[in-house]
Novice: 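The following block contains the structure, expressed as structure tokens.
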Amino acid sequence: MEIRKIKGTKDILPDETEIFLAAEKVLRETMIKYGYREIRIPTFEQTELFKKGTGVSTDIVTQQMYSFTDRGERNISLRPEGTPSVVRAYLENNLHKKRLFQKFFYYGRMFRQESPQSGRLREFNQFGIESIGSLSPQIDAETIILGLEVLRNIGLKRIEIHLNSIGCDKCRPSYKKSLKEYLKPKLNILCNDCKRRFNANILRVLDCKRETCRKELQNSPVSIDYLCDECKNHFSKVKELLQKSNVSFTLNPYLVRGLDYYTKTVYEFISPVLSAQDAVGGGGRYDRMIELFGGPPIPAIGFACGMERILLAVEKEGGEKRKKEKLDCYIATMDDKTDEEGFLLLNNLREKGLSCEKDFLNRSLKAQMKDANRLGADFVVIIGPEEMEKNEITIRMMSDSSQKRIEFSVDAIVKEIR
RNA sequence: GUGGGCGUAGCUCAAUCGGUUAGAGCACUGGACUGUGGCUCCAGAGGUUGUGGGUUCGAUUCCCAUCGCUCACCCCA
């Protein structure tokens, strides 16, 4: 086999597909329960959308997008995340003129050209929500509570919530300024990456994982001390609502998300059982994006979760194995003539709604029985020459090995199985 | 892009200091049971040891290159 899958992509084989399907069903049900409605957005968009939405200073846009020029000389990118598309669709379809407040969720594949490692692929599945139109701290709390419930419903037991507020356009500049002043004299102690971040996006220095850098950050100014009154009140209300809703969280002043558009509340859902890539989901407010896209000043908040990471964490927690699909009936045959009868019966039983299978390799009866067992068949219908002569079949109940001869008719067989 | 680890049967893994025919479990096929699954026993099939080169009397083992996978940094879901 010389053609192999592309690095960072994954074949999801039937056993695993069933796990995905189960999780997808659960997450849709949960979203709908909270009043979110599914939106399906294109897999690729104009590159410009992500430059503007996700942000030109992010790693995603500068180095991770699958971008190409199509035959019409248009610059196109496979979506690296969902939020800019949802906002685009929201404005392009004039949804903001229909209702003041709307809630969406999406589910689908995202693409980012990064080095793959545990919990990180180049093509991966994300689901996310976007709650557009309300500045209420209740919505911040709702999204966090919803995220927590979705993750739990999918089967995650241990989830930690990290919470922070990074302020708004009014208060963040003064915070950045004092952080800069604090770090400037320490610049030569910091790692090379942090030196780069110091100029590119100083907030990112905060979540450097190097011991030496962390040490220097111990007494650094934190964003919550610099919040303006509006942001401060908003954040305390969010915290209060979560506490009153019995949602425990950790305040993490070093939580700075890598996307440009966040304002006020930011958070991450973290699984303690995962290794380096331990955030199964993350999100926050992006109150300026809709205006940035040419719409009215409408606030919004949302999060995104990575399916593969969640399922990895569920597995590591020792989550329950899904039980395999049952087969109602397996048809075993003996020679050419009975085999053809078997094929016709197969179709007739399926028409009656039964899941049904037979052998297509002319295998021995013994092999067919083994196959039936492997497939988890409840019943085996055996058609042999002896049965054919009397216009009968043998029906065997696999659970207790009992079997009997009955009339060879679809109705009689269906009656036995039901 | 940088660094570490690993490539042996379908899968999970052995193989002593470099030693002659590369093994085991599971899975698979057949038989014991000639028209009957699971349990047991017996037998069988299955390998370019990732690929190419080098060292050596001899390489799965050592060296080089290359491809692939994986983990970590960066960043994110």
Side-chain angles (χ1 to χ4, degrees), chain A residues 1-10 13 54 57-64 79-83 107-128 147 151 191-194 196-197 200-201 204 207-210 213 255-259 268-271 274-283 302-313 327 330 332-335 338 359 361 363-388 394-403 405:
Chain A
M1 191 58 197
E2 54 191 28
I3 300 181
R4 310 176 61 93
K5 67 177 178 293
I6 288 182
K7 186 196 274 286
T9 63
K10 212 175 118 182
L13 305 180
T54 309
S57 81
T58 60
D59 287 2
I60 290 178
V61 168
T62 55
Q63 31 185 315
Q64 297 175 0
R79 59 183 184 198
E81 62 146 341
T83 303
Y107 175 81
R109 302 177 187 232
M110 305 295 164
F111 307 84
R112 293 181 198 173
Q113 189 168 355
E114 300 179 81
S115 259
Q117 66 189 66
S118 181
R120 190 160 69 200
L121 293 159
R122 289 184 171 176
E123 180 183 18
F124 58 101
N125 288 281
Q126 255 188 2
F127 62 86
L151 294 170
C191 69
N192 286 335
D193 285 321
C194 283
R196 181 178 54 77
R197 295 187 190 110
N201 186 351
R204 299 227 54 88
D207 60 3
C208 185
K209 282 154 196 133
R210 281 173 209 275
C213 297
L255 173 61
V256 180
R257 311 225 353 112
L259 280 62
E268 280 184 358
F269 301 104
I270 290 175
S271 165
L274 291 182
S275 47
Q277 314 303 326
D278 61 354
V280 293
F303 67 68
C305 292
M307 272 297 256
E308 285 80 1
R309 262 182 214 182
I310 294 167
L311 297 178
L312 191 65
L327 185 68
Y330 188 98
T333 60
M334 309 277 304
D335 56 24
T338 57
D359 167 73
L361 300 173
R363 282 188 285 187
S364 67
L365 181 60
K366 190 187 183 74
Q368 292 180 71
M369 292 302 292
K370 270 184 123 158
D371 206 28
N373 188 55
R374 203 167 11 218
L375 293 170
D378 289 332
F379 292 87
V380 173
V381 167
I382 300 167
I383 313 173
E386 281 176 34
E387 284 89 345
M388 281 294 284
T394 297
I395 185 162
R396 180 178 178 91
M397 196 153 115
M398 295 297 272
S399 56
D400 63 3
S401 300
S402 65
Q403 65 182 48
R405 291 279 192 94

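Chain naming here is simple, since letters A, B, ... match the order of the sequence lines and numbering starts at 1 in each. Fair warning: this is a prediction, and the values are worked out from it, not measured in the lab. Because only heavy atoms are used, hydrogens play no part in the values below, and waters and symmetry mates are left out as well, while side chains stay in.
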Novice: Of the nucleotides rA77(B), rU36(B), rC71(B), which one has an atom closest to the side chain of S118(A)?
Specialist: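 Of all the options, the side chain of S118(A) is nearest to rC71(B).
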Novice: Using a cut-off of 4.0 Å on non-hydrogen atoms, how would the nucleic acid contact of G128(A) be classed: base, sugar-phosphate, or nothing?
Specialist: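 Contact class for G128(A): none.
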Novice: Any strand counts, and the cut-off is 3.5 Å on both contacts for Watson-Crick or G-U wobble. Which nucleotide pairs with rG7(B)?
Specialist: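 With both distances under 3.5 Å, rG7(B) matches rC67(B).
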Novice: Let's see if you can work this out: which of rC75(B), rG35(B), rC73(B) has an atom nearest to the side-chain heavy atoms of Q64(A)?
Specialist: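 From the listed options, rC75(B) comes nearest.
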Novice: Mind checking whether R122(A) and P116(A) have side chains closer than 4.5 Å, heavy atoms only?
Specialist: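 Answer yes - side chains close enough.
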Novice: Going by the angle between their ring planes, with limits at 30° and 60°, are Y107(A) and F127(A) parallel, tilted or perpendicular?
Specialist: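 The rings of Y107(A) and F127(A) lie parallel, inter-plane angle below 30°.
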Novice: Are T333(A) and D359(A) close enough that some pair of their side-chain heavy atoms sits under 4.5 Å apart?
Specialist: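 With C-beta onward as the side chain, the pair stays apart.
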Novice: Under 3.5 Å, is there an N or O donor on one side and an acceptor on the other linking the side chain of R112(A) and the base of rA77(B)?
Specialist: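 Yes.
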Novice: Can you tell me how far CG of L121(A) sits from CZ of R109(A), rounded to the nearest 0.5 angstrom?
Specialist: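 Rounded to the nearest 0.5 Å, the CZ-CG separation comes out at 11.0 Å.
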Novice: So which one's nearest nucleotide on RNA chain B is more toward 5', S275(A) or D278(A)?
Specialist: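 That would be S275(A).
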Novice: When you measure from the side chain of R4(A), which nucleotide among rG68(B), rC74(B), rG38(B) comes out closest?
Specialist: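 Among the listed nucleotides, the one closest to the side chain of R4(A) is rG68(B).
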Novice: Between Q403(A), E386(A), R405(A), which is the residue that forms a side chain to side chain donor-acceptor pair (under 3.5 Å) with T394(A)?
Specialist: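 Between T394(A) and the candidates, side chain to side chain donor-acceptor pair (under 3.5 Å) is satisfied uniquely by R405(A).
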Novice: Between Q117(A) and rA72(B), is there a side-chain N or O to OP1/OP2 distance below 4.0 Å?
Specialist: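 Answer yes for this pair, as a side-chain N or O of Q117(A) is under 4.0 Å from OP1 or OP2.
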Novice: If each of G281(A) and M334(A) is mapped to the nucleotide of RNA chain B with the nearest heavy atom, which maps nearer the 5' terminus, i.e. the 5' end?
Specialist: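 Result: M334(A).
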Novice: Dump the intermediate steps for side chain to side chain contact (heavy atoms under 4.5 Å, CB included) on R112(A) and F124(A), then the final yes or no.
Specialist: CA-CA 9 Å; R112(A) 293 181 198 173; F124(A) 58 101; 3.8 Å; yes
Novice: Side-chain contact, heavy-atom cut-off 4.5 Å: Q277(A) with E308(A)?
Specialist: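 When only atoms from C-beta onward are counted, E308(A) and Q277(A) do not touch, as no gap falls below 4.5 Å.
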Novice: For rA15(B), give the paired nucleotide (Watson-Crick: N1-N3 plus N6-O4 or O6-N4; G-U: N1-O2 and O6-N3; both under 3.5 Å), or none.
Specialist: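 Check on rA15(B): unpaired, no WC or wobble geometry under 3.5 Å.
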Novice: Given the structure, check if the side chain of Q368(A) and the base of rU36(B) hold any donor-acceptor pair shorter than 3.5 Å.
Specialist: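 Result: no qualifying N/O pair found.
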Novice: Please report the distance, rounded to the nearest Å, between CZ in R120(A) and C1' in rC74(B).
Specialist: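 To the nearest whole Å, that distance equals 8 Å.
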Novice: Under 3.5 Å for both donor-acceptor distances, Watson-Crick or wobble: does rU61(B) have a partner, and if so which one?
Specialist: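 No nucleotide pairs with rU61(B).
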Novice: Report which part of the nucleic acid Q63(A) touches: base, sugar-phosphate, or nothing (heavy-atom distance under 4.0 Å, all strands).
Specialist: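 Contact class for Q63(A): none.
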Novice: Please report, rounded to the nearest Å, how far the C1' atom of rA77(B) is from the CD atom of E308(A).
Specialist: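 Value for this atom pair: 9 Å.
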Novice: Nearest to the side chain of E386(A), which nucleotide is it out of rG35(B), rG38(B), rC69(B)?
Specialist: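 Selected nucleotide (nearest to the side chain): rG35(B).
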Novice: Working to the nearest 0.5 Å, report the span between CG of L365(A) and CD1 of I383(A).
Specialist: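 Separation between the atoms: 11.5 Å.
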Novice: Send over the distance from E114(A) CD to rA77(B) C1', rounded to a whole Å.
Specialist: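 Rounded to the whole Å, the gap is 9 Å.
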Novice: rG35(B) C1' sits how many Å from E387(A) CD, rounded?
Specialist: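 Rounded to the whole Å, the gap is 8 Å.
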Novice: Find the distance K10(A):NZ to rC69(B):C1' and express it as a whole number of Å.
Specialist: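 Rounded to the whole Å, the gap is 14 Å.
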Novice: Rounded off to whole Å, could you give me the CD1-to-P distance for the I395(A) and rU36(B) pair?
Specialist: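 It works out to 19 Å between those atoms.
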Novice: Using nucleotides 1-5 of chain B, report all nitrogen or oxygen pairs with the protein that are shorter than 3.5 Å.
Specialist:
residue : atom : partner : partner atom : Å
rG1(B)  : O6   : S115(A) : OG           : 2.9

Novice: Applying a 3.5 Å limit to both distances, which nucleotide forms a Watson-Crick or G-U wobble pair with rG44(B)?
Specialist: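 Pairing partner, where one exists within any strand: rC28(B).
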Novice: Where the side chain of Q277(A) is concerned, which of rC74(B), rA77(B), rG35(B) is the nearest nucleotide?
Specialist: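 For Q277(A), the side-chain atoms sit closest to rC74(B).
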Novice: For rC75(B), which nucleotide in any strand shown is its Watson-Crick or wobble partner with both distances under 3.5 Å?
Specialist: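 In the structure as shown, rC75(B) has no Watson-Crick or wobble partner.
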Novice: Nearest whole Å is fine: how far is rA77(B) P from R309(A) CZ?
Specialist: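 So the two atoms are 8 Å apart, to the nearest Å.
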Novice: Heavy-atom distance under 4.5 Å between the side chains of M369(A) and Y330(A), does that happen here?
Specialist: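 They are not in side-chain contact.
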Novice: Using a 4.0 Å heavy-atom cut-off, write out nucleotides 25-33 of chain B from 5' to 3' as B (base contacted by protein), S (sugar-phosphate only) or - (no contact).
Specialist: ---SS---B
Novice: Quick one: does S271(A)'s side chain get under 4.5 Å of L312(A)'s, heavy atoms only?
Specialist: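 Not touching, per the 4.5 Å side-chain cut-off.
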Novice: Take the protein atom NZ of K5(A) and the nucleotide atom P of rC69(B), then report the distance between them rounded to whole Å.
Specialist: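 Checked: the NZ to P distance equals 7 Å.
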Novice: With no hydrogens and no angle check, is any side-chain donor or acceptor of T9(A) less than 3.5 Å from a backbone partner on K5(A)?
Specialist: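 Absent.
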Novice: Kindly point out which of rG38(B), rA77(B), rU36(B) is positioned nearest to the side chain of F124(A)?
Specialist: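 Nearest to the side-chain atoms of F124(A), counting from C-beta on, is rA77(B).
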